[in-house]
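Scroll down for the structure; my scribbles are underneath it.
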Amino acid sequence: MKHTSDSILKADQASYLESIESPRDALLVKMEAYATTHKQPISDPEVASFLAVTATAARPKRIVEVGTNIGYGAIVLARAAGPDARVDTIESSPELCAVARGFVEEAGLADRVTVIEGDAIVTLTKLEGSIDLVYIDCVKQDYPRYLELVLPKLSIGGLVIADNVLWKGLTAAAHVPQDERVRVEALRAFNQTITRDSSLRGVILPLGDGVAYATRIR
Ligand SMILES: C[S@@+](CC[C@H](N)C(=O)[O-])C[C@H]1O[C@@H](n2cnc3c(N)ncnc32)[C@H](O)[C@@H]1O
C-alpha cells in the first residue's frame with residue numbers, strides 16, 4: 001500500500017489494510033522494487049489486487065491492457081484470468097517493451113501475453129476481435145478516445161477498468177492548475193461516460209488514485 005500524496009485513504013487506514021494483506025508474490029515484489037528503482041509508474045498493489053479479483057471472477061478470455069510499462073498489470077491479469085486467457089498489452093516505448101517481455105518470460109506467460117509495441121490509439125484502431133476486459137492505464141487525455149475505440153469491440157458483459165480517474169483529486173477540484181486542465185477535462189468526460197452512458201453500468205471506486213469500473217450492458 002502506498003503512502004503518497006495521491007492516496008485517498010488516511011495513513012492509518014492504509015496501514016491497517018496493509019497489515020491484513022495475504023503474503024506477497026515474489027515476482028510482483030521484485031517488479032515493484034524494479035519500478036521504484038527505475039521510477040516507473042506501475043499500478044498500485046491495491047489496484048493490482050482488484051484486477052486479480054475481477055479477472056478471477058469474470059474469467060475473461062481476451063484481455064487488452066492500454067499502457068504496459070514493465071508488464072505488472074498484464075502479469076496480474078493473465079495469471080488471475082486463468083490458462084485460457086490471452087492478454088494483448090500496448091506500450092509505445094521499445095525499452096519498456098523489452099523489460100516487460102523479460103518479466104512476462106520470467107512469469108512463464110510468454111505464450112499468453114503479447115506485448116505490442118506501438119501507439120495506443122493507432123494499435124486500438126487496428127486491433128481485431130472482441131474484448132472481454134480492457135484495462136486502461138495510459139495517456140490520461142486520451143482516455144475518452146480509448147473508450148470510444150474499445151466499446152464497439154467489448155463483449156456484452158465485458159469489463160472496462162481504468163486507473164487514475166480521480167487524478168490526485170484534481171478531477172473533483174474546483175481549481176485545476178493550467179498545466180493539468182486538458183488531462184482533467186478528458187478524465188471528467190471519461191468518468192461521465194463510465195457512469196452515464198446507456199451502454200454501460202459503471203462506478204468510480206475510491207481505490208488507489210481512483211478506478212473506473214464498468215460493464216457493457218447493451
Ligand atoms: C501507468 S503506465 C502503465 C502501468 C501498467 N498498466 C501497470 O499495470 O503497471 C503507462 C504506460 O503507458 C505508456 N505510454 C505512454 N504513451 C503511450 C502511447 N501513446 N501509446 C502506448 N503507450 C504509451 C508509458 O510509456 C507507460 O509505460
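Just so it is clear, the structure is predicted and the values come from calculations on it, not from any experiment. Both ligands and their constituent atoms are indexed starting at 1 by order of listing.
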message: Using a 4.0 Å heavy-atom cut-off, which part of T68 comes near ligand 1: side chain, backbone, both, or neither?
response: backbone
task: Sort and list the pairs that fulfil ring-ring contact (aromatic ring centres under 6.0 Å, His included) and have at least one residue in residues 94-151, not counting sequence neighbours.
output: Y34-F103, Y143-F190
message: Under a 3.5 Å cutoff, is there a donor and acceptor pairing between the side chains of D119 and S92?
response: no
- prompt: Which of these, A120, G73, C97, G67, has its nearest heavy atom closest to atom 6 (N) of ligand 1?
  reply: G67
message: Within ligand 1, which atoms have a heavy atom of L96 less than 4.0 Å away?
response: 25 (O), 27 (O)
- prompt: By number and element, which atoms of ligand 1 are closer than 4.0 Å to a non-hydrogen atom of N69?
  reply: 2 (S), 3 (C), 4 (C), 26 (C), 27 (O)
- prompt: What part of V139, side chain from CB on, backbone N/CA/C/O, both or neither, has a heavy atom under 4.0 Å from ligand 1?
  reply: side chain
Protein residue, atom and distance nearest to atom 10 (C) of ligand 1, heavy-atom basis: D137 O, 3.2 Å
query: Among E65, E32, K140, E91, whose heavy atom sits nearest atom 27 (O) of ligand 1?
result: E91
message: Whether the Y72 and Q40 side chains hold a donor-acceptor pair (N or O, under 3.5 Å, no angle test) is what I'd like checked.
response: no
- prompt: Given K168 and E180, is the side-chain contact (heavy atoms from CB on, under 4.5 Å) satisfied, shown in steps?
  reply: CA-CA 11 Å; K168 303 165 274 184; E180 290 286 0; 3.5 Å; yes
message: With heavy-atom distances below 4.0 Å as the criterion, list the atoms of ligand 1 near I42.
response: 9 (O)
- request: Determine the minimum heavy-atom distance between A120 and I90, stating which atoms define it.
  value: CA-CG2, 3.8 Å
query: Going by an N to O cut-off under 4.0 Å, is there a salt bridge joining R59 and D132?
result: no
query: Between the side chains of T89 and E65, is a donor N or O closer than 3.5 angstrom to an acceptor N or O?
result: yes
- request: Would you mind running through ligand 1 and noting each atom that sits below 4.0 Å from a heavy atom of Y135?
  value: 6 (N), 8 (O)
Salt bridge (Lys or Arg N to Asp or Glu O under 4.0 Å) against K30, all qualifying residues, sequence neighbours excluded: E106
Protein contact of atom 19 (N) of ligand 1 - nearest heavy atom, named by residue and atom, plus distance: D119 OD1, 2.8 Å
field: Identity and distance of the protein heavy atom lying nearest atom 22 (N) of ligand 1
entry: S92 N, 3.2 Å
message: Below 3.5 Å, N or O to N or O, backbone or side chain included: is there any such pair between Y146 and ligand 1?
response: no
task: Could you list the atoms of ligand 1 found under 4.0 angstrom from a heavy atom of G118?
output: 20 (N), 21 (C)
- prompt: Can you tell me the protein heavy atom closest to atom 2 (S) of ligand 1 and the distance?
  reply: P41 O, 3.4 Å
statement: So the atoms of ligand 1 within less than 4.0 Å of a heavy atom of C138 turn out to be 12 (O), 14 (N), 17 (C), 21 (C), 22 (N), 23 (C)
Spacing of T171 atom OG1 and I204 atom CD1 [to the nearest 0.5 Å]: 8.0 Å
statement: Atoms of ligand 1 under 4.0 Å from any heavy atom of S43, numbered from 1 in the order shown, are 7 (C), 8 (O), 9 (O)
statement: Note: K153 and L127 closest approach over all heavy atoms is NZ-O, 2.6 Å
